[in-house]
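The next block holds one structure in the form of structure tokens; read it before the comments.
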Amino acid sequence: MKPKVDYSLYLVTDRLITKGRDLLQAVEEAIRGGVTLVQLREKSISSRDFYTLALEMKALTQKYRIPLIINDRLDIMLAVDADGLHVGEDDLPLATARRLLGPEKILGYSAGNITEALRGQEEGADYLGSGPVYLTGSKADAGEPIGLTGLQAIKESVKIPVVAIGGIDLARIPKVRETGVDGIAVISAILGQPDPKETSRALAEAWRGKANL
Ligand code: TZP
Ligand code: MG
């Protein structure tokens with residue numbers, strides 16, 4: 001049986017945003033602060049370096065018993081036996097990825113509109129990453145923000161979990177949460193901050209509706 005996944009605070013990595021600090025250390029602090037799953041998403045990196053980093057990230061996420069998702073690279077996902085794969089429109093087709101992954105692994109899909117969301121659900125995605133909700137400085141080709149209205153429309157069109165991504169920070173959490181989505185995915189709101197542990201704790205508390213914003 002596929003384990004039930006807590007998508008509430010989804011950390012997506014970018015080793016270039018940690019301002020010189022070690023990525024693994026920053027991710028460990030973030031997990032200790034309350035991150036519920038991690039996606040290793042690294043661009044401009046050799047296959048060998050990606051593989052080595054993925055192995056290290058696997059050991060880390062295993063230590064804290066949270067899932068590790070690999071962005072795009074099915075070969076690396078299989079090589080390190082990660083918990084899942086995240087693909088977008090320009091990557092391997094979902095059905096192909098699902099066939100190679102088997103039924104037990106988590107398969108995520110980037111959906112920026114209802115058409116893509118329905119396709120993702122139809123073709124075997126376990127969850128959708130939807131955005132960018134707001135403007136983001138972390139993905140050059142992210143496209144126009146879909147806003148809270150676009151996000152809510154996607155959430156209401158599918159049965160699988162939807163994770164909001166793009167420009168989400170502490171102050172924006174209440175409004176994002178009101179759309180009914182299952183979690184938030186962030187890069188800079190955690191890895192771009194000086195204290196990833198405290199920032200993650202604040203984001204997790206805000207998601208649970210406990211913070212004073
Ligand atoms: N996909 C859509 S927006 C985005 C990705 C990977 C970047 C999110 O980064 P940030 O810093 O949380 O806006
Ligand atoms: Mg991709």
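From a predicted model like this one, the values you see are computed outputs, not experimental measurements. Whatever order the structure lists them in is the order used to number ligands and atoms, beginning at 1.
- Taking all atoms of both residues into account, the shortest heavy-atom contact from Tyr7 to Leu37 is CA-CD2, 3.8 Å.
- By the criterion of side-chain heavy atoms lying less than 4.5 angstrom apart, applied directly or through intervening Ile, Leu, Val, Met, Phe, Trp or Tyr residues, Ile45 is grouped together with Leu60 in one hydrophobic cluster.
- The two residues Leu203 and Ala189 make their nearest non-hydrogen contact at CD1-O, 4.1 Å.
- Residues Tyr64 and Glu28 bring a donor and an acceptor atom of their side chains to less than 3.5 Å of each other.
- Here 1 is the count of protein N, O or S atoms positioned under 2.8 Å from the Mg ion (ligand 2), waters not counted.
- Protein residues lining ligand 1, listed by chain and number: Arg41, Thr136, Ser138, Lys139, Ile165, Gly166, Gly167, Val186, Ile187, Ser188 [non-hydrogen atoms, distance under 4.0 Å].
- In terms of heavy atoms, Ile106 sits closest to Val5 at CD1-CG2, 3.6 Å.
- Across Val181 and Lys155, no two heavy atoms sit closer than the pair CA-CD, 4.0 Å.
- Within a 6.0 Å radius of CD in Glu89, more than 12 heavy atoms belonging to other residues, nucleotides or ligands are found.
- Residue Met57 comes nearest to Leu40 through the heavy atom pair CE-CD1, 4.0 Å, listed as atom of the first residue, atom of the second, then distance.
- Side-chain contact annotation: Arg73 with Ser47, donor-acceptor N/O pair under 3.5 Å present.
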